[in-house]
2 protein chains.
Amino acid sequence: MPHLAYPTTTCEGFRCETHCAVRGLAICGELAPAEHEEFERLAQHVRYGPKEALFSEDEVADSVYSLVEGIARLYKLLPDGRRQIIGFALPGDFLGMAPGNRYSFSADSIGGVTVCKFFRGPFLRFIENRPQMLLRMNEFATRELSLAQDQMLLLGRRSAEEKVAAFLVGWRERLARLEGVTKTVSLPMGRQDIADFLGLTIETVSRTFTKLEREKLIVIVPDGVRVLDPKRFDALAAA
Amino acid sequence: MPHLAYPTTTCEGFRCETHCAVRGLAICGELAPAEHEEFERLAQHVRYGPKEALFSEDEVADSVYSLVEGIARLYKLLPDGRRQIIGFALPGDFLGMAPGNRYSFSADSIGGVTVCKFFRGPFLRFIENRPQMLLRMNEFATRELSLAQDQMLLLGRRSAEEKVAAFLVGWRERLARLEGVTKTVSLPMGRQDIADFLGLTIETVSRTFTKLEREKLIVIVPDGVRVLDPKRFDALAAA
DNA sequence: AAGCGAGCTTGACACAGATCAAGGTCATGC
DNA sequence: GCATGACCTTGATCTGTGTCAAGCTCGCTT
C-alpha cells in the first residue's frame, strides 16, 4: 500500500465556469444559471497531486465529489491486500454516493486531479426538492450500474486476451467522449492498475500487450498504445 | 439456450395490498395511500411460470418491473453463448432501468414469479415530479451498484472456495431480510446458475460444495444447504 | 555521467480450475 | 414400474494463467 498524502491545494471561491471544461457532462450540467450559482456556493474546489487519497473504503462518507480534471482509481481491497479496481473515474464522473453512511470503495488520484467537493448534508438538501437533479443522479447511477455489469461479464467469462482488448476498446471510447477520437490511446494508469481492473496479474497483462503487438493489432508507445486495426480489434473485444 | 414461453397469466385490477407482502421493501414502499392508489393504477400485475423471460437484453425497454414474489435470474450473454449471471432478483427488487432505451441484460423467472409491470412512459411521468420516489430510486440504484462492485471483487480476486462461501453468506443474508434468519439456506437456482454467477464451471461448484461438506462447514440438503459453522463460514467468505 | 529505483518485460515452472468422460439420483410420464 | 431426461457428482487429464526469478529501460538524483 503506497503512502497517500493530504490534498495539496484548496481553492474555494472560484467560479466553476473558469474550471469546468466538462460542465455539460457533469452532474450539474443541466442547472439553470441562477440555480447553478446556488449550487456552486456549496462546492469546494480541491486540487490533489499524484497518488493522493480522495477518500477510503469504510470511512464515514461526509462528502460527494464531481471530478473536474484528471483521473482517479476506484478500488476495493481484501484483508490480505488483494485489490480489485472497480473503475477509473474521468472528468464529469460523480463519486462518493454510498448505500450506508460509509464509502463502499476507495478513490485516489493517478496524476493530478481537481474535484468539486460537496458536503453530503447540504448536497442532499439541495437536490432533495429538485427533480431535475434527482433524475440526473438516476441517469448517472444507471449508467454506472450498466458499466459494472459489463465488467462482471468481462471478469467472469472472458479470457486474458479478450479482457485486455475489451479494456482498450472501452477506454478508447470513454476518452473519445472527452477528447474526440484519436489513433493513440493514452494509458495514464500503470500495468498493475490494469491487471487489478481486469482480474489478472501484471505479468499476464504485460505478455498480452506484447502478444497483441506481435499480432500487429497495436503498437505500444510510452504511456499508451496505438490501435492499428480497429475493426479486428473491436471484434476481439466483443466476442 | 432454453425455450422461454410467454407469461401465463395477467391479473389486472387487483389491489396491490392483497399481493405485496413486500410493499415496505419495494420501490413504492413510501408512497402515501392516495398516491399509492394512483401509482397502482399504472401497474399491471403479471404472473410468470417457471423459466419464462420477463425481458431480454437489447430489446426496446418499454417497461420496468417491481418483483413481488418469486426469484429471477439476471444475465448477459456473449455471442458464443458464454453466460454471466449478474444477479438474482428477490421480492422487492426493481428491474428494467437501462441507460439507453434498450435493456442491458436479460431476466427470466426461476420458479414462478409475480411482478408489478409499468410502462416506462407513465412510470417516468409519475416519478418525475415526486422527489420522494426519485430519492428512493436513487437508493435502490446505489445499493445495486454497491452489490455489483462487491461482485467485481469476488469475480476478479477470490478463489473458487471463497466465491462459493461468499455467495452462500450473501444469499443467506438476502433471504434473512425477507424470511428471517434460518439455519437452512434454500437455493432455488441450479448449480449451473451458481457457476455462471461466480465465474466458475458447474463441476468446480459441485466439487466445492462437496469440499465444504467434507470440512463440516455445511450439509447439502435437497434444494439448499444447512450452514453448520456460521463463524468459520463468515471468516472464509470475508477473507 | 554514473548509480538508483520504479515500472515493465520475459522465461521457466507450478497449479487452480477447466475440460472431457462416466455414472449416479430423482422426478415425471407413459 | 420402468424408461426417460434433467440435474448433479466424481475422476482423469489438460491448460491458461499465476508464481517466481531475472533482466531491461528510462527518468531522476547527486
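Every chain is numbered from 1 and lettered A, B, ... according to where its sequence line falls, protein lines coming before strand lines.
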Exercise for the section: Quickly work out the B:Leu212 CG to D:dT10 P distance and round it to whole Å. Expected result: 13 Å
Exercise for the section: Examine C:dT10: is either OP1 or OP2 under 4.0 Å from a nitrogen or oxygen in the side chain of A:Arg207? Give yes or no. Expected result: no
Handout entry: Given C:dA18, D:dT17, D:dT9, the nucleotide with the shortest approach to the side chain of B:Ile202
Key = D:dT9
Problem - Distance, rounded to the nearest Å, where B:Ile110 contributes CD1 and D:dC7 contributes P - result: 12 Å
Practice task
Could you check A:Arg214 against A:Arg157 and say which one's nearest nucleotide on DNA chain C is further toward the 5' end?
Solution key: A:Arg214
Practice task
Measure from the side-chain heavy atoms of A:Ser206 and tell me the nearest of D:dT9, D:dT17, C:dC8.
Solution key: C:dC8
Handout entry: Charged tip of B:Arg191 within 45° of B:Phe209 ring normal and under 6.0 Å
Key = yes
Problem - For atom CE of B:Met189 and atom C1' of D:dC8, their distance in whole Å - result: 16 Å
Handout entry: Earlier contact from the 5' end, DNA chain D, for A:Leu200 and B:Val205
Key = B:Val205
Practice task
Examine the base of D:dC7 for any acceptor or donor lying under 3.5 Å from a partner atom in the side chain of B:Gln192, and report the outcome as yes or no.
Solution key: no
Handout entry: Value in whole Å for how far the C1' atom of D:dG18 lies from CZ of A:Arg82
Key = 13 Å
Exercise for the section: Quickly work out the B:Asp223 CG to D:dC7 P distance and round it to whole Å. Expected result: 12 Å
Completion exercise
In whole angstroms, the gap separating C1' of C:dA16 from NZ of B:Lys163 amounts to 11 Å
Exercise for the section: Classify the ring geometry between A:Phe140 and A:Phe94 as parallel (under 30°), tilted (30 to 60°) or perpendicular (over 60°). Expected result: perpendicular
Practice task
Ignoring the backbone of A:Arg191, work out which of C:dA18, C:dT9, D:dT9 is nearest its side chain.
Solution key: C:dT9
Exercise for the section: Quick one: label A:Thr210 by what it contacts on the DNA or RNA (base, sugar-phosphate, nothing), any heavy atom closer than 4.0 Å. Expected result: sugar-phosphate
Problem - Between C1' of C:dG24 and CD of B:Glu203, the distance in whole Å - result: 15 Å
Practice task
Would you kindly compare A:Gly190 and B:Arg158 by the position of their nearest DNA chain C nucleotide and give the one closer to the 5′ end?
Solution key: A:Gly190
Practice task
Please check the phosphate of C:dG17 (OP1 and OP2 only) for any side-chain N or O of B:Thr201 closer than 4.0 Å.
Solution key: no
Problem - Sub-6.0 Å ring centroid separation between A:Phe55 and A:Phe105 - result: yes
Practice task
Provide, to the nearest angstrom, the distance between the CD1 atom belonging to B:Ile218 and the C1' atom belonging to D:dT9.
Solution key: 14 Å
Practice task
Indicate yes or no for a side-chain donor-acceptor contact from A:Lys76 to the backbone of A:Ser104 under 3.5 Å, with no hydrogens or angles considered.
Solution key: yes
Exercise for the section: Verify, without hydrogens or angle tests, whether B:Arg172 (side chain) and B:Thr184 (backbone) share a donor-acceptor contact under 3.5 angstrom. Expected result: no
